[in-house]
Amino acid sequence: MEIERIPVATLLSGAELAIWVHESRGELGPGPTVGVLAAIHGDEPTGTEICLELARRLRAGLPHRGRILILPVANPLAYEAVRRHTPLDDLNLNRLFPGDPDGWLSDRLARVITRHFLERIDAFVDLHSGGDSQTVDYVYLLNDERLSRSFGSRVLYRPREGFAGTRFEGTSATVTQARGIPTVTVELGGGRVDQRPYVERGVRGVLNLLRALGVVEGEPEPPGPQVVVHEIATIRPGQGGLLETEAPPLGEVVPGGAVLGRVVSPHTFEELEVIRSPFRRGVMILSHLTRDVVWPGDYGYMVGNLEGAEGA
Ligand SMILES: [Zn+2]
């Protein structure tokens, strides 16, 4: 495997901001160039671990066709600070694509990623996870349903009206979809729980994507029952406190009105809020898997609506 160091800018500290792209050239012959990217949000380090384990498999001699490009840390400054946004300009890198060479630092970083990564690939996998304290498990269904399904997650998400004109404008996936290349955005893992099961699932999922693309030999593992939801509710606590979860595990059905969690005051120990599922039949997509502190307006839960979903 080769590693290319791509400079972005010299920081005020004198340190140079750069990104590293790993490239594995397959010995089985020509084929597509697949890009795997992680940590575009700095508080989502699980994808970087998936990249590490994938690179180890490739270095150990996993045979493949074409080329596999891995960008394990797309936003190094946010990754260092364990923050969603770039600390120097407080911008969300994943809303700035295709980037601007004359813009803020995050705009410039987006431009470098576009030029040196997104414009070099024929298929794209973008690895996201929950933040510091939330765990998530679903895949966006963007422009290649078979490929998205092959990752193996139980829940897939495609809004009926599509993603155009939504808050998803300016993501890395908008660049690759405009180029007409298959794009899969994965949300997996995160939170204050052991990440190893999610990293293992992530590596298996990416290998299945590589099989579906014909880059790795063989058929993808059959994914098991899957559901495509068209509507997701993000449920945010209105009170700060300790959130105690009663929600079913991720991927499981949650009945109407079911209690997802309770916010308890860490000062008086009073129950401040009861958080309930908004749908008559829902499926758990994002949750707190352990007792966490939350603030008002924080990410509490995400539930998919199973009414009108495909495969429900
Ligand atoms: Zn993210």
Side-chain angles (χ1 to χ4, degrees), residues 19 35-52 54 70-87 89-99 105-107 109-110 113-114 117-118 124-142 148 151 153 155-159 163 166-177 183-193 195 198-199 201-203 205-206 209 229 232-236 250 284-289 292 294 297-302 304:
I19 54 171
V36 182
L37 178 150
I40 208 160
H41 292 132
D43 61 345
E44 302 175 5
T46 310
T48 305
E49 290 191 51
I50 294 169
C51 289
L52 167 68
L54 176 66
I70 302 173
L71 171 48
V73 181
N75 192 341
L77 294 173
Y79 184 77
E80 177 185 49
V82 200
R83 281 180 55 184
R84 182 174 175 85
H85 293 187
T86 313
D89 51 23
D90 204 24
L91 291 170
N92 181 349
L93 173 62
N94 208 29
R95 298 293 181 273
L96 302 174
F97 285 91
L105 180 58
S106 297
D107 293 302
L109 177 56
I113 293 169
T114 299
F117 188 81
L118 300 175
F124 178 44
V125 186
D126 190 9
L127 298 171
H128 292 252
S129 57
D132 213 17
S133 61
Q134 303 86 9
T135 309
V136 69
D137 191 350
Y138 69 108
V139 169
Y140 286 92
L141 216 167
L142 298 170
S148 287
F151 186 80
S153 296
V155 181
L156 297 106
Y157 172 50
R158 173 175 53 202
F163 292 96
T166 68
R167 66 187 178 87
F168 298 101
E169 289 289 337
T171 65
S172 55
T174 56
V175 173
T176 54
Q177 289 184 93
T183 299
V184 177
T185 301
V186 173
E187 296 276 358
L188 182 63
R192 254 181 285 276
V193 291
Q195 294 299 296
Y198 299 104
V199 173
R201 262 192 55 201
V203 173
V206 173
L209 293 173
V229 300
I232 292 178
T234 300
I235 306 141
R236 301 174 184 277
L250 295 173
M284 292 307 302
I285 284 179
L286 175 144
S287 189
H288 290 255
L289 301 186
D292 283 317
V294 289
D298 204 351
Y299 269 101
Y301 300 91
M302 284 168 66

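Count residues from 1 along the sequence. Counting starts at 1 for both ligands and their atoms, in listed order.
- With sequence neighbours left out, Asp132 forms a salt bridge (charged side-chain N to carboxylate O under 4.0 Å, His left out) with no residue at all.
- Applying the ring pair (Phe, Tyr, Trp, His ring centres under 6.0 Å) criterion to Tyr198, with sequence neighbours excluded, gives no partner residue.
- Closest approach of Ser153 to Arg201, counting heavy atoms only: OG-NH2, 3.4 Å.
- Applying the salt bridge (Lys or Arg N to Asp or Glu O under 4.0 Å) test to every pair with at least one member in residues 71-83, sequence neighbours left out, gives these pairs: Arg83-Asp90.
- Judged by distance alone, the side chain of Gln177 and the main-chain N or O of Val175 form no donor-acceptor pair under 3.5 Å.
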>> As a quick check of understanding, evaluate side chain to side chain donor-acceptor pair (under 3.5 Å) for Tyr140 and Tyr138, giving each step before the final call.
In response: CA-CA 7 Å; Tyr140 286 92; Tyr138 69 108; 3.1 Å; yes
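- Nearby protein atoms of type N, O or S around the Zn ion (ligand 1) amount to 4 (distance under 2.8 Å).
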